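Proteins get letters first, then strands, A, B, ... in listed order; numbering begins at 1 in each. Note that the coordinates shown come from a computational prediction; the quantities given were computed from them, not determined experimentally.
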Amino acid sequence: MRNKNLLDIYTILTKKYKSLNWWPIDKKYHEKNKTDPRFEIITGAILTQNTAWSNVEKSLEKLKEKNKLDINSIIQSKPKELSEMIRSSGFFNQKTDRLREISMHISNKYNQDLDKFFSKDFKKLRTELLSLNGIGPETADSILLYAGEKPVFVVDAYTKRLCQRLPIDVEIDYDSIQKHFEKELSKKYSGEELIEVYNQFHAQIVIFAKEFCRKKPVCSNCPLSSICDYTNKLL
DNA sequence: GTCCAGGGCCGTT
DNA sequence: AACGGCCATGGA
């Protein structure tokens, strides 16, 4: 049976993983420093590009130690200082440029005001994000969904792998997969609830793929084995 | 020691 | 349009 139903998959994964707190932010830091917590998500989205989150956490801690986790501080920091603080995230020279570029953009065009930034029509905002050097579709969509709370489904390497293995009948490119997920999920959900489903489902897929649907799959005890062709082929 | 992680860009076919 | 090389650290 090809073309697995996304709603079925979501139901199964929700049963297993309950409610995930996927993109934690340090609320206390931002309350104390009167900084915008959404910028921590923007920063994390860039730092985690092809990088383990554990390495990103170290960088975020360093930025917080030095009270630099805000747009203005990033702009004011010397590039060398900044790249040293985010060293643990890897690709630190590029990521320094990328953090500075998006910070400059939000500063120049929105006066460093993320309320203004995110109040823009999110489809236009997506195009705008993609025009920045170093912001590709996944980073843009992570920012839109997790910081902006916009109804945008985030696709990543794990989502692609899941689609190939189950399989889900869709072209394996970012936009096709995203469209398919958004179309299917918005049949059942809407508004705030849809946003929460996008949030949870993406998080579930990442956790699930790390645990079971790895490059070398661990199919024993996989919660999706009953509907996965890949598993059944192996057996 | 090797592999790879919550990508994206740029140059070559 | 598709593909390969490149960017770099730290944990498994």
Taking atom types as modelled, find out whether A:Q200 and A:T14 have a side-chain donor-acceptor pair closer than 3.5 angstrom. no
Q.
Just to be sure I understand the rule, does A:G90 reach a base, reach only the sugar-phosphate, or reach nothing, if contact means heavy atoms closer than 4.0 Å?
A. base
A:M85 atom CE is separated from C:dA8 atom P, nearest whole Å, by 17 Å
Please classify the nucleic acid contact of A:Q94 as base, sugar-phosphate, or nothing, using heavy-atom distances under 4.0 Å. base
Rounded to whole Å, CD1 of A:I46 lies from C1' of C:dT9 at a distance of 18 Å
(message) Under 4.0 Å, heavy atoms only, any strand: does A:K95 hit a base, just the sugar-phosphate, or nothing?
(response) nothing
Separation of C:dT9 atom P from A:K62 atom NZ, nearest Å, is 12 Å
- Message: Rounding to an integer number of angstrom, what distance separates C:dG10 and B:dG8 when you compare their P atoms?
- Response: 22 Å
| Do A:F153 and A:L145 touch side chain to side chain, with heavy atoms closer than 4.5 Å? | no
- prompt: Closer than 4.0 Å, any side-chain N/O of A:K216 to the OP1 or OP2 of B:dC4?
  reply: no
Exercise. Can a donor-acceptor pair be found between the side chains of A:Y110 and A:D115 at a distance below 3.5 Å?
Worked result: no
Separation of B:dG6 atom P from A:L60 atom CG, nearest Å, is 15 Å
Atom CG of A:D97 and atom C1' of C:dC6 are separated, to the nearest Å, by 15 Å
Sorted by position of nearest nucleotide on DNA chain B, 5' first, the leading residue of A:N55 and A:G134 is A:N55
Any heavy-atom pair between the side chains of A:S225 and A:C219 that's under 4.5 Å? no
To the nearest angstrom, the NZ-P distance between A:K215 and B:dT2 comes to 17 Å
Discussion item. Would you say the ring centers of A:F181 and A:F201 fall short of 6.0 Å from each other?
Written reply: yes
With A:H30 as partner, the option from A:E40, A:R38, A:K64 fulfilling side chain to side chain donor-acceptor pair (under 3.5 Å) is A:E40
*Using a cut-off of 4.0 Å on non-hydrogen atoms, how would the nucleic acid contact of A:S89 be classed: base, sugar-phosphate, or nothing?*
nothing
Picking from C:dT9, B:dA5, B:dG6, the nucleotide nearest the side-chain atoms of A:R87 would be C:dT9
Item to complete: Provide the distance between the two C1' atoms, one in C:dC7 and one in B:dC4, to the nearest whole Å.
Response: 15 Å
Of B:dC9, C:dA8, B:dG6, the nucleotide closest to the side chain of A:F91 is C:dA8
OP1 or OP2 of B:dG6 less than 4.0 angstrom from a side-chain nitrogen or oxygen of A:K210, does that happen here? yes
- Query: Can you tell me how far C1' in B:dC3 sits from the matching atom in C:dA8, rounded to whole Å?
  - Reply: 14 Å
5'-most contact on DNA chain C (nearest-nucleotide basis), A:N50 vs A:K58, goes to A:N50
Review point. Roughly how far apart, to the nearest Å, are C:dG11 and B:dG1 at atom C1'?
Key: 14 Å
Looking only at B:dG6, B:dG8, B:dC4, the nucleotide nearest the A:Q49 side chain is B:dG8
A:V206 has its side chain closest, among B:dG6, C:dG10, B:dC10, to B:dG6
Between OH of A:Y174 and P of B:dC9 the distance, given in whole Å, is 13 Å
Here the distance between atom P of C:dA12 and atom CZ of A:R214, to the nearest Å, is 12 Å
From the candidates B:dC10, C:dA8, B:dG7, the one with an atom nearest any side-chain atom of A:F92 is C:dA8
Does the side-chain ring of A:Y158 sit on the six-membered ring of the B:dG6 base, less than 5.5 Å centre to centre and under 30° in tilt?
-> no
